[in-house]
Every structure is written in C-alpha cells, then in structure tokens.
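One structure is given below, encoded as structure tokens.
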Amino acid sequence: MSAPILPFTEANSKRIASMFRRALRTAFDHSMKFSVYRQTTIQIRQQFETNKDIRDPQELERVIEAAEAKLAHWKHPDPYIPPSRPGGTKWQRNVPVARGPLVPGNW
C-alpha cells in the first residue's frame with residue numbers, strides 16, 4: 001500500500017488519470033460493439049465524476065483502493081493488443097533477412 005496522496009495534487013491527478021485510462025482499456029477489452037463500449041465509457045466517466053470532489057485523504061485512498069480492486073476483478077484474461085505492438089499478431093512478422101553468409105565457411 002502506498003502512502004496516502006493529498007487530493008488535488010499533481011501526483012494524485014496522474015494516479016487518477018492512469019486509473020481512468022486503464023478502466024477505459026479494460027472496457028474496450030470486454031466490448032464487442034462500439035455502441036456498448038461507448039455506453040460503458042459514459043458510465044465509467046460518471047463514476048469518476050461523482051468522486052472528483054473528495055477532499056479527505058483517507059476517504060480518497062479508500063475510493064482509489066476500491067477502484068483498483070474493481071479493475072483487478074474485471075481485468076480481461078486476453079486483452080486486446082494492437083497488431084504492431086510487442087505481443088501483437090504482426091509483431092516481428094517480417095524480420096529482415098540476415099546479410100551475412102547463411103552457411104559458415106569460405107566459399
């Protein structure tokens with residue numbers, strides 16, 4: 001568990017923004033249609049908006065831990081990976097051919 005971060009600081013803003021992006025990515029991994037994904041993103045945004053004015057550090061930490069637990073629960077077992085990223089379907093598909101001799105020896 002990390003030390004409590006005071007509300008309305010830059011560190012807290014980065015932490016919440018990171019959690020928001022992870023929530024959106026998790027929603028994308030679970031959705032098959034864009035309309036369903038869009039409705040889910042609206043719900044996620046509303047949940048973050050309801051807690052944006054929390055000033056008590058202990059309450060803020062409690063809400064963040066609950067959100068982290070919810071993200072861990074909903075983590076997709078096979079998340080979407082863009083094709084050209086490491087682990088994607090096109091990652092290193094066309095590896096450049098070696099320019100040196102393929103068979104060792106003096107030919």
Side-chain angles (χ1 to χ4, degrees):
M1 182 169 120
S2 61
I5 297 176
L6 296 176
F8 308 114
T9 62
E10 184 179 353
N12 187 46
S13 298
K14 288 181 179 181
R15 186 177 180 193
I16 300 301
S18 172
M19 190 183 328
F20 183 69
R21 283 191 301 272
R22 284 186 289 142
L24 294 179
R25 284 189 203 113
T26 302
F28 183 75
D29 291 340
H30 283 280
S31 63
M32 298 298 288
K33 296 182 179 180
F34 183 76
S35 60
V36 174
Y37 171 67
R38 180 69 180 138
Q39 288 301 318
T40 306
T41 59
I42 291 170
Q43 291 171 357
I44 291 169
R45 179 66 186 211
Q46 288 174 348
Q47 290 175 5
F48 275 80
E49 288 288 328
T50 57
N51 295 320
K52 74 176 185 177
D53 294 323
I54 296 176
R55 295 185 182 278
D56 181 30
Q58 286 82 20
E59 167 124 15
L60 178 65
E61 195 64 32
R62 186 188 59 77
V63 169
I64 289 174
E65 287 176 5
E68 292 284 352
K70 194 173 186 179
L71 277 174
H73 174 74
W74 282 101
K75 184 177 179 183
H76 198 279
D78 187 23
Y80 174 76
I81 301 172
S84 298
R85 300 293 302 224
T89 57
K90 289 185 177 180
W91 176 248
Q92 292 188 342
R93 179 178 284 181
N94 299 317
V95 179
V97 179
R99 297 293 176 198
L102 297 177
V103 180
N106 189 6
W107 299 92

Between Phe48 and Leu71, is there a shared hydrophobic cluster once you connect ILVMFWY residues whose side-chain heavy atoms come closer than 4.5 Å? yes
N/O donor-acceptor pairs under 3.5 Å from side chains in residues 19-32, not counting sequence neighbours:
| unit_1 | atom_1 | unit_2 | atom_2 | d |
| --- | --- | --- | --- | --- |
| Arg22 | NH1 | Glu68 | OE1 | 3.2 |
| Arg22 | NH2 | Glu68 | OE1 | 3.4 |
| Arg22 | NH2 | Glu68 | OE2 | 2.8 |
| Thr26 | OG1 | Arg22 | O | 2.8 |
| Asp29 | OD1 | Tyr80 | N | 3.0 |
| His30 | NE2 | Trp74 | O | 2.6 |
| Ser31 | OG | Ala27 | O | 3.3 |
| Ser31 | OG | Phe28 | O | 3.3 |

Roughly how far, to the nearest 0.5 Å, is OG1 of Thr41 from CD of Gln46? 10.0 Å
Without swapping roles, check the side chain of Ser18 against the backbone of Arg15 for a donor-acceptor pair under 3.5 Å. no
Could you go through the salt bridge (charged side-chain N to carboxylate O under 4.0 Å, His left out) check for Arg62 and Glu65 one step at a time? CA-CA 5 Å; Arg62 186 188 59 77; Glu65 287 176 5; over 6 Å; no
Could you pull out every donor-acceptor pair under 3.5 Å between side chains of residues 83-91 and any protein atom, sequence neighbours left out?
none

Kindly determine whether Ile64 and Asn51 satisfy side chain to side chain contact (heavy atoms under 4.5 Å, CB included), including the steps that lead there. CA-CA 10 Å; Ile64 289 174; Asn51 295 320; over 6 Å; no
Under the side-chain hydrogen bond (donor to acceptor under 3.5 Å, both in side chains) test, which residues partner Lys14, sequence neighbours left out? Glu10
Please answer: with hydrophobic residues joined when any side-chain heavy atoms are less than 4.5 Å apart, are Tyr37 and Ile81 in the same cluster? no
